[in-house]
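What follows is a short report on a single structure.
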Amino acid sequence: MEKKIHSGCTLLLLLFATSPILSQKTISDNPKNNTIQIIPIEHATAVLTWNGITIYIDPVGGKEAFKDIATPDLILVTDVHGDHFSLKTLEALDTHNAKVIVPQAVADKIPDVFTPQIDVLNNGDSKERYGIHVEAIPMYNLRTEALKFHPKGRGNGYVLNLGGQRIYFSGDTEDIPEMRNLKNIDKAFVCMNLPYTMTVESAADAVLEFSPKEIYPYHYRGKPNVSDVNKFESIIKKKNQNITVVRLDWYPNDDF
């Protein structure tokens, strides 16, 4: 059941007065502001900045993980698992001006105090916030032995349309048809870790099919092993040199 705001004039007036929608930043048309900065935090957690807007993707790690980063204007959460959704982190961060986009399964785990900030998107839904058009893309497992990890319809990948670019975050998924059918993706963040998501080979095969301009391997630490990102990059370069593989440090605290 979706979270609902209870009726009542006093409460409605309070929510209207404090709604983050009223304090949204002005979006500039200056092309100099269209630079997109990508800040890897760890594993599945990232920050994007664009045009004065700060976007948190799957914020976990507590307030300390974001100590040198601007407060969020937009927060996207892909799924209920602890490496994607941390209520403790969400409550610790300064989110008073932030909109929070989540699937229903995540919304059900967030206290009612956040209700005015939450946009629930199901697979196939979209929403525009701060001049950013967000599309909710399915994410789920295909292998029989992995179906229990990420059932279809529970979580979202996301495509963000901003600065004239389309940026895809896969969330936890395998090489599903909805990923393979993506169009005009400029930057793609694609997971590859077993047993929870998919193999390096499956990830590379899907990327080669939807052919983003840039691919960022992320979420590649499994249990207990780390996926072979060198192999992933080699497959991509061998079959399509027009795709640029960009490797960021997603595990700054680990030595491997």
Side-chain angles (χ1 to χ4, degrees), residues 18-28 32-103 106-107 109-111 113-119 129-132 134 155-158 160 162-163 165 167-172 187 189-191 193 214 216-221 223 226 229 246-256:
T18 60
S19 172
I21 298 174
L22 301 180
S23 59
Q24 286 190 4
K25 296 181 179 180
T26 300
I27 302 300
S28 170
K32 293 182 179 179
N33 293 335
N34 272 335
T35 300
I36 299 169
Q37 181 183 15
I38 301 165
I39 305 170
I41 303 300
E42 188 169 6
H43 188 57
T45 304
V47 173
L48 304 183
T49 63
W50 167 76
N51 213 351
I53 304 299
T54 301
I55 308 158
Y56 286 14
I57 312 293
D58 284 341
V60 304
K63 187 176 181 179
E64 183 69 13
F66 305 89
K67 63 180 180 180
D68 297 320
I69 299 172
T71 57
D73 300 292
L74 182 63
I75 297 172
L76 306 180
V77 180
T78 60
D79 198 18
V80 296
H81 288 162
D83 56 339
H84 299 271
F85 168 61
S86 167
L87 179 58
K88 183 177 179 180
T89 299
L90 199 61
E91 291 177 328
L93 293 170
D94 179 359
T95 64
H96 72 281
N97 280 328
K99 295 299 293 184
V100 184
I101 293 179
V102 298
V106 174
K109 294 179 176 296
I110 299 178
V113 68
F114 284 94
T115 297
Q117 298 171 250
I118 290 177
D119 291 317
R129 292 296 185 192
Y130 300 102
I132 300 166
V134 180
N156 292 328
Y158 294 104
L160 288 71
L162 71 164
Q165 295 194 46
I167 303 175
Y168 170 58
F169 283 88
S170 71
D172 280 359
K187 304 179 190 297
F189 294 75
V190 172
C191 63
N193 66 321
E214 296 178 348
Y216 295 72
Y218 87 139
H219 200 298
Y220 50 80
R221 182 165 189 162
K223 187 179 181 181
V226 175
V229 181
V246 183
R247 294 171 63 169
L248 303 178
D249 185 4
W250 294 98
Y251 301 95
N253 300 314
D254 293 335
D255 182 18
F256 56 81

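Just so we're clear, the structure is a prediction, and the values are computed from it rather than from any experiment. Side chains included, hydrogens not; waters and symmetry mates left out as well; all remaining heavy atoms used.
In this structure, the ring-ring contact (aromatic ring centres under 6.0 Å, His included) partners of Phe66, at least two apart in sequence or on a different chain, are Tyr56. For Val229, the side chain to side chain contact (heavy atoms under 4.5 Å, CB included) partners two or more places apart in sequence, or in a different chain, are Pro217, Tyr220, Arg247. For the side chain to side chain contact (heavy atoms under 4.5 Å, CB included) test, residues two or more places apart in sequence or in another chain that qualify with Leu87 are Phe85, Glu91, Pro111. Every residue meeting the ring-ring contact (aromatic ring centres under 6.0 Å, His included) condition with Phe169, not counting sequence neighbours, appears here in chain and number order: Phe189. In this structure, the ring-ring contact (aromatic ring centres under 6.0 Å, His included) partners of His43, at least two apart in sequence or on a different chain, are His219, Tyr251.
The stretch residues 44-67 participates, sequence neighbours left out, in these salt bridge (charged side-chain N to carboxylate O under 4.0 Å, His left out) pairs: Glu64-Lys67.
The closest side-chain heavy-atom distance from Ile41 to Val47 is below 4.5 Å. Side-chain contact check for Ile53 versus Ile132: some heavy-atom pair is nearer than 4.5 Å. No side-chain heavy atom of Ile110 sits under 4.5 Å from any side-chain heavy atom of Val77. Using a 4.5 Å heavy-atom cutoff, the side chains of Tyr216 and Ile38 are in contact. Side-chain contact between Tyr130 and Lys99: present, with at least one pair of heavy atoms (C-beta onward) separated by less than 4.5 Å. A heavy-atom distance below 4.5 Å is not found between the side chains of Thr54 and Thr71.
Note that OG1 of Thr78 and CG of Asp172 are 6.0 Å apart. Values are rounded to the nearest 0.5 Å. Between the CG atom in Asp83 and the OG1 atom in Thr45 there is a gap of 8.0 Å [rounded to 0.5 Å]. Taken to the nearest 0.5 Å, the CD atom of Glu42 stands 9.0 Å off from the CG atom of Asp249. The distance from the CD1 atom of Ile101 to the CD1 atom of Ile57 is 9.0 Å, given to the nearest 0.5 Å. Atom CD1 of Ile167 and atom CD1 of Ile55 lie 7.0 Å apart (nearest 0.5 Å).
Nearest heavy atom pair, residue Gly131 against residue Trp50, reads O-CH2, 4.1 Å. Thr89 and Ser86 get closest at one heavy-atom pair: OG1-OG, 2.9 Å.
When atom types are taken as modelled, the side chain of Gln117 and the backbone of Thr95 share a donor-acceptor pair closer than 3.5 angstrom.
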Would you please test Leu160 and Leu76 for side-chain contact (heavy atoms from CB on, under 4.5 Å) and show each step?
-> CA-CA 10 Å; Leu160 288 71; Leu76 306 180; 3.6 Å; yes
